Amino acid sequence: MINGCRLKADDFEVVKVIGRGAFGEVQLVRHRNSRKVFAMKLLSKYEMIKRSDSAFFWEEREIMANANSEWIVQLHYSFQDPRYLYMVMDYMPGGDLVNLMSNYDVPEKWAKFYCAEVVLALDAIHSMGFVHRDVKPDNMLLDAAGHLKLADFGTCMRMDKDGMVRSDTAVGTPDYISPEVLKSQGGDGYYGRECDWWSVGVFLYEMLVGDTPFYADSLVGTYGKIMDHKNSLDFPQDLEISSEAKSLICAFLTDRVERLGQHGVDEIKSHRFFKNETWSWSTIRTTNPPVVPDLTSDVDTSNFDEIEKDESPPETFAVPKAFAGNHLPFIGFTYNRDNILFGNTPASTPVSTSINLFKKKTTK
Ligand code: ADP
Ligand code: MG
């Protein structure tokens, strides 16, 4: 391995912190030599070891590195140092859908567009054999043209031959989580891709109503409402929402055996909510998006909120003596998609060793 080719954090200049995630921050960075701009996600090894149940970074790396899909944010490089894993990916300057919803009252025409693009993006993930399990507006990003890409595959799980995953930890975000995933907590959860369609229902409701459907002051309150969705789901009287939109929301926010999408993505695509004169399922990615980001440079961050600096001292492992067993789980993480940063020098190949001592959840 040519050591000079090995990427390190110092090869990148941090332009700005643009996001904070569960295991570290996301930075807008510029590669010093090539001047290329990327988003770089940091994952704290210490935090991941401490909460190993929720760290699915192998899936995340695999999906972002191997997917060749316009619906999925592309990973270009990953590398590591004693404290962090680093993932260098395309920067999505349009911001996330949380930001979009906070800037606009989303009309139905727009909701139709974003909902449809999410459906296609999820279908791409499902077709790769994964259930996403954390579908929410924070994980939907907009590219420079205003089209949607999914990010954050840290909760993805590979489906078994029956299209199911088994997990006893409820992952996901309270407001968007489906009843079957919620029920899997502590028990024997066995569910399929339809949990993602539930979350799309929550997202569509949120775009049109302004709040999530099972909002409550407390986590327990939200959980209670989700489990009692048959009674708790309702639409505010004072808002005009089309019957098509309500019908699709209700078709998603129902028990998994009845949920739309159960028999494939086509039954979702043919729902009457998506009927329109402007795009079709095969042309939507090339139509004009509702909002086209107004960008002034390659490091324009106007679609990202100020993130306050995390001043707390970083928690790290004790200084290793001779053998750092704590780092074994991360062997093989390093990856180079292409050699665009290295001129004509061949990029280093991924480290072939991939011993994985990490308690990795796989389906049986
Ligand atoms: P976590 O797994 O901790 O939720 P995410 O991957 O979702 O972390 O990243 C956190 C936030 O950072 C996202 O909600 C988004 O606002 C921002 N972000 C992540 N990836 C990118 C990217 N490629 N381009 C622009 N912003 C990004
Ligand atoms: Mg996220």
Side-chain angles (χ1 to χ4, degrees), residues 12 14-31 36-48 50-65 67 69-78 84-103 114 118 121-122 125 130 132-157 171-177 196 199 202-203 206 293 295 297-310 337:
F12 298 89
V14 180
V15 179
K16 202 174 175 176
V17 176
I18 51 172
R20 186 158 331 273
F23 296 104
E25 57 192 30
V26 178
Q27 309 168 335
L28 175 65
V29 299
R30 191 188 287 282
H31 183 247
K36 284 185 173 21
V37 168
F38 297 96
M40 185 160 86
K41 181 170 173 174
L42 279 64
L43 298 164
S44 154
K45 290 181 173 181
Y46 179 87
E47 289 299 323
M48 286 193 290
K50 211 163 69 177
R51 298 180 280 159
S52 62
D53 270 359
S54 50
F56 286 76
F57 59 89
W58 290 104
E59 283 78 358
E60 178 157 26
R61 170 180 167 286
E62 184 186 337
I63 291 169
M64 293 180 76
S69 165
E70 57 200 3
W71 302 110
I72 294 169
V73 174
Q74 202 160 77
L75 179 74
H76 290 275
Y77 308 95
S78 57
Y84 293 104
L85 300 180
Y86 298 83
M87 301 210 288
V88 179
M89 55 191 154
D90 284 329
Y91 171 51
M92 295 293 120
D96 58 34
L97 265 289
V98 177
N99 172 67
L100 184 119
M101 287 190 287
S102 71
N103 288 337
Y114 292 116
V118 166
L122 280 171
I125 293 288
F130 291 93
H132 189 290
R133 308 197 300 159
D134 196 17
V135 176
K136 57 172 174 176
D138 323 54
N139 295 335
M140 305 168 189
L141 305 180
L142 298 175
D143 66 16
H147 284 283
L148 185 144
K149 283 188 207 286
L150 277 181
D152 194 354
F153 305 97
T155 53
C156 282
M157 230 175 146
V171 299
T173 309
D175 287 297
Y176 301 88
I177 209 168
D196 289 339
S199 308
V202 175
F203 168 58
E206 184 179 16
L295 305 168
S297 76
D298 61 350
V299 289
D300 187 314
T301 54
S302 52
N303 292 307
F304 292 85
D305 279 344
E306 251 356 277
I307 307 260
E308 63 294 351
K309 263 243 155 287
D310 186 3
R337 182 181 192 103

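For clarity, every value in this text was computed on a predicted model and none was experimentally measured. Side chains are part of it too, since the values below use all heavy atoms of this structure and drop only hydrogens, waters and symmetry mates. Order of listing sets the numbers, starting from 1, for every ligand and every atom in it.
- For atom 14 (O) of ligand 1, the nearest non-hydrogen atom of the protein is D138 O, 2.7 Å.
- Here the protein heavy atom with the shortest distance to atom 16 (O) of ligand 1 is D96 OD2, 2.8 Å.
- Nearest protein neighbour of atom 3 (O) of ligand 1, counting heavy atoms only, is A22 N, 2.5 Å.
- Under a 4.0 Å criterion applied to the non-hydrogen atoms of G21, ligand 1 contributes the atoms 1 (P), 3 (O), 8 (O).
- The contact set between ligand 1 and I18, taken as ligand atoms under 4.0 Å from a residue heavy atom, comprises 25 (C), 26 (N).
- Between L122 and V135, some side-chain heavy-atom pair lies under the 4.5 Å cut-off.
- Proximity of M92 to ligand 1, defined as any heavy-atom pair under 4.0 Å, is shared by backbone and side chain alike.
- Sorting the N, O or S atoms of D152 by how far they are from the Mg ion (ligand 2) puts OD2 first.
- In the candidate list K41, K149, M89, M89 is nearest to atom 20 (N) of ligand 1, counting heavy atoms.
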* To do: Just do the side-chain contact (heavy atoms from CB on, under 4.5 Å) check on V29 and V15 with the steps written out, would you?
  => CA-CA 5 Å; V29 299; V15 179; 5.7 Å; no

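- When heavy-atom distances to ligand 1 are checked against a 4.0 Å cut-off, N139 comes that close only through its side chain, counted from C-beta outward.
- At a threshold of 4.5 Å between non-hydrogen side-chain atoms, the residues F23 and L85 do not count as touching.
- In this structure, atom 23 (N) of ligand 1 lies nearest to the protein heavy atom D90 O, 2.8 Å.
- Side-chain atoms of T155 come within 3.5 Å of backbone N or O of H132 as a donor-acceptor pair.
- Look at F38 and you'll find every heavy atom at least 4.0 Å from all atoms of ligand 1.
- If you look at A39 next to ligand 1, the close heavy atoms, those under 4.0 Å, all belong to the side chain.
- Counted within 6.0 Å of CG on N103, heavy atoms from surrounding residues, nucleotides or ligands total more than 12; the atom is thus considered enclosed.
- Between F304 and Y91, the distance from one ring center to the other falls under 6.0 angstrom.
- Taking only nitrogen or oxygen atoms, main chain and side chain alike, Y91 does not reach within less than 3.5 Å of ligand 1.
- Some N or O of D152 is nearer than 3.5 Å to an N or O of ligand 1, by distance alone.
- At a threshold of 4.5 Å between non-hydrogen side-chain atoms, the residues F153 and F130 do not count as touching.
- Per-residue contacts place G19 under 4.0 angstrom from the following atoms of ligand 1 (heavy atoms of the residue considered): 12 (O).
- Between atom 12 (O) of ligand 1 and the options V26, L141, V73, the minimum heavy-atom separation is to V26.
- Here the shortest heavy-atom pairing between P93 and N303 reads O-ND2, 3.0 Å.
- The existence of a salt bridge linking D298 and R30 is confirmed by a sub-4.0 Å separation between a basic side-chain nitrogen and an acidic carboxylate oxygen.
- Just one of K136, K41, R133 meets the salt bridge (Lys or Arg N to Asp or Glu O under 4.0 Å) condition when paired with D152; it is K41.
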